[in-house]
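Okay, so here's the structure we're looking at.
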2 protein chains.
Amino acid sequence: MRLTTKGRYAVTAMLDLAFYSQDKPVTLTEIAARQTISLSYLEQLFARLRKAGIVQGVRGPGGGYQLNQDAKKISIGAIVEAVNEPLDSTKCGGEANCQHESMCLTHDLWMGLSEHIESYLTNITLADLLAKGDERRNAEQMGESVVKIRRTRKKS
Amino acid sequence: MRLTTKGRYAVTAMLDLAFYSQDKPVTLTEIAARQTISLSYLEQLFARLRKAGIVQGVRGPGGGYQLNQDAKKISIGAIVEAVNEPLDSTKCGGEANCQHESMCLTHDLWMGLSEHIESYLTNITLADLLAKGDERRNAEQMGESVVKIRRTRKKS
DNA sequence: CAATAGTTGACTATTCTACTAGGTTAAGTA
DNA sequence: TACTTAACCTAGTAGAATAGTCAACTATTG
């Protein structure tokens, strides 16, 4: 399990999507505006999320993206894993035989750590995070300043 | 907290160091041989670890590196943090004001996750991992095949 | 049909990773 | 004192990952 800014972008976008797509699909353009993530980068991330079956694209006017599953079923770990490429997990793939015995010792220990974090992230769902957000949103009203931005694209 | 292969290299090397430096300093050349990590890359990692006060260098023949603190005091989180550069933590530094209110919502949630993982890694020490290794090493004798390698360096 | 919006792919700049190459300094040993 | 050892330091570099642009599609709605 790798933890980088790419995963954070994906989780941020998914939280936004889960929050705003309760009645209708949300366009990436909206998410890009709200979360200040570039539209094209979002497109890349959501292409992976769609292939992983986490979100569903709806084409045409009024379209956008929706969750493909219940927010209670979508784990943070799944989101992070979807956008990161597999990571060849050290020279000795999995539990293979390393030349140096002490190597695999430390390697196993690191894998143990990694698996712990992975299982932690897998046991937190989008719904959990949304609930935490609701708590926080009691006092301060949540702003709805959806700035209409236009895609940076030249006309042909 | 970023979790990448760089951190794993550092933890692997530190485990090796903690294990073998109980009576005398351990040279990076030895660690490089045992863990199959390039010597010069280890030098870079240990330069950071030394600046962080985690290890101590001993110069001259018979020199090498030692732990600068008790293995019980050295956390995995500290090792990982020492070798990674600070990471500018999103556009809004810390708890600063973002333009879009919803941004900071999701941002806060991610920071919460990140802090959890950080505290987990901070609460595991080198000594803990060494103990786990001892358990494992009961049945299978640990090999001591220290291959003598020479530094890849041209003579002037 | 036209507008909307997703889908796809190619292409770019920057940063990080992992490593190579070499030089300098400090400390033991012959 | 000369030699060896090994830390310490600086610079460079191929390749991967990150973050993003640009442009051409395709499917759907009105």
Side-chain angles (χ1 to χ4, degrees), chain A residues 2-10 12-13 17 21 24-32 35-51 55-66 68 83-88 90-91 148-156, chain B residues 2-10 12-13 17 21 24-33 35-51 55-66 68 80 83-88 90-91 148-156:
Chain A
R2 249 199 345 252
L3 274 189
T4 60
T5 51
K6 193 174 192 174
R8 189 182 55 216
Y9 275 114
T12 299
L17 177 64
S21 73
K24 60 171 171 47
V26 171
T27 67
L28 293 188
T29 308
E30 287 176 56
I31 298 177
Q35 310 301 334
T36 52
I37 305 173
S38 103
L39 175 56
S40 298
Y41 195 42
L42 277 179
E43 284 175 346
Q44 279 180 42
L45 297 178
F46 273 77
R48 286 171 175 276
L49 292 170
R50 194 176 52 84
K51 273 169 199 152
V55 298
Q56 193 183 12
V58 180
R59 294 179 153 208
Y65 279 96
Q66 290 173 321
N68 197 28
V83 297
N84 288 335
E85 28 255 68
L87 163 65
D88 55 344
T90 350
K91 282 118 194 175
K148 183 70 179 178
I149 63 162
R150 197 166 303 275
R151 189 166 184 181
T152 60
R153 178 177 291 188
K154 276 175 189 153
K155 288 278 170 175
S156 58
Chain B
R2 251 203 336 256
L3 272 189
T4 60
T5 51
K6 192 174 193 174
R8 189 182 56 217
Y9 274 112
T12 300
L17 177 63
S21 73
K24 58 170 173 50
V26 171
T27 67
L28 292 190
T29 308
E30 288 176 56
I31 298 178
Q35 310 301 335
T36 52
I37 305 173
S38 104
L39 176 56
S40 297
Y41 195 42
L42 276 180
E43 284 177 345
Q44 280 179 40
L45 297 178
F46 274 75
R48 286 171 174 277
L49 292 170
R50 193 174 51 84
K51 273 168 199 154
V55 298
Q56 192 182 12
V58 179
R59 292 179 154 208
Y65 279 96
Q66 289 173 322
N68 197 29
V80 172
V83 297
N84 287 335
E85 28 256 64
L87 164 65
D88 54 342
T90 351
K91 281 115 195 177
K148 182 72 181 178
I149 64 163
R150 198 165 302 278
R151 190 169 185 178
T152 60
R153 178 178 293 189
K154 276 176 190 154
K155 289 279 170 173
S156 58

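Remember, it's a predicted structure, so these values are computed and weren't measured experimentally.
Rounded to an integer number of Å, the gap from Q56(A) CD to dA5(C) P is 17 Å. Across the protein-nucleic acid pair, Q35(B) atom CD and dC19(C) atom P stand 13 Å apart, rounded to whole Å. One can place CZ of R8(A) at 12 Å from P of dT18(D), the figure rounded to the nearest angstrom. Rounded to an integer number of Å, the gap from L45(B) CG to dA18(C) P is 9 Å. In this entry the distance linking CD of Q66(B) with P of dA7(D) reads 11 Å, nearest Å. Here dG20(D) presents its P atom at 15 Å from CD1 of I31(A), a figure rounded to the nearest Å. In this structure, K6(A) places its NZ atom 7 Å from C1' of dT18(D), rounding to the nearest Å. As rounded to whole Å, 12 Å separates atom P of dT20(C) from atom CD of E43(B).
For Q44(A) against dG20(D), a side-chain N or O and a base N or O form a donor-acceptor pair under 3.5 Å. For a distance-only test at 3.5 Å, the side chain of R59(B) qualifies as a donor-acceptor partner of the base of dT25(C).
In the set dA17(D), dC16(C), dG20(D), the nucleotide with an atom closest to the side chain of R2(A) is dA17(D). Listed candidates were dT29(D), dT18(D), dC16(C). Nearest to the side chain of N84(A) is dT18(D). The T27(A) side chain lies nearest to dG6(C) when the options are dT21(D), dG6(C), dT7(C). Nearest nucleotide to the side chain of S40(A), out of dT21(D), dA3(C), dT18(D): dT21(D). Nearest nucleotide to the R50(A) side chain, out of dG20(D), dT29(D), dT8(C): dT8(C).
Between T4(B) and dT17(C), a side-chain N or O to OP1/OP2 separation shorter than 4.0 Å is present. Between Y41(A) and dG20(D) there is no side-chain polar atom (N or O) within less than 4.0 angstrom of OP1 or OP2. In terms of phosphate contacts, Y65(B) brings a side-chain nitrogen or oxygen within less than 4.0 Å of OP1 or OP2 of dC8(D). OP1 and OP2 of dA6(D) both lie 4.0 Å or more from every side-chain N or O belonging to T29(B).
Using a 4.5 Å cut-off on side-chain heavy atoms (C-beta onward), K6(B) and Y41(B) make contact. Side chains of Y9(A) and V83(A) form no contact here, defined as non-hydrogen atoms less than 4.5 Å apart.
With rounding to the nearest 0.5 angstrom, the CD atom of E43(A) is 12.5 Å from the CD1 atom of I37(A). The structure places CZ of F46(B) at 4.0 Å from CD1 of I31(B), a figure rounded to the nearest 0.5 Å.
Of all non-hydrogen atoms in L45(B) and A10(B), the two that sit nearest each other are CD1-N, 4.2 Å.
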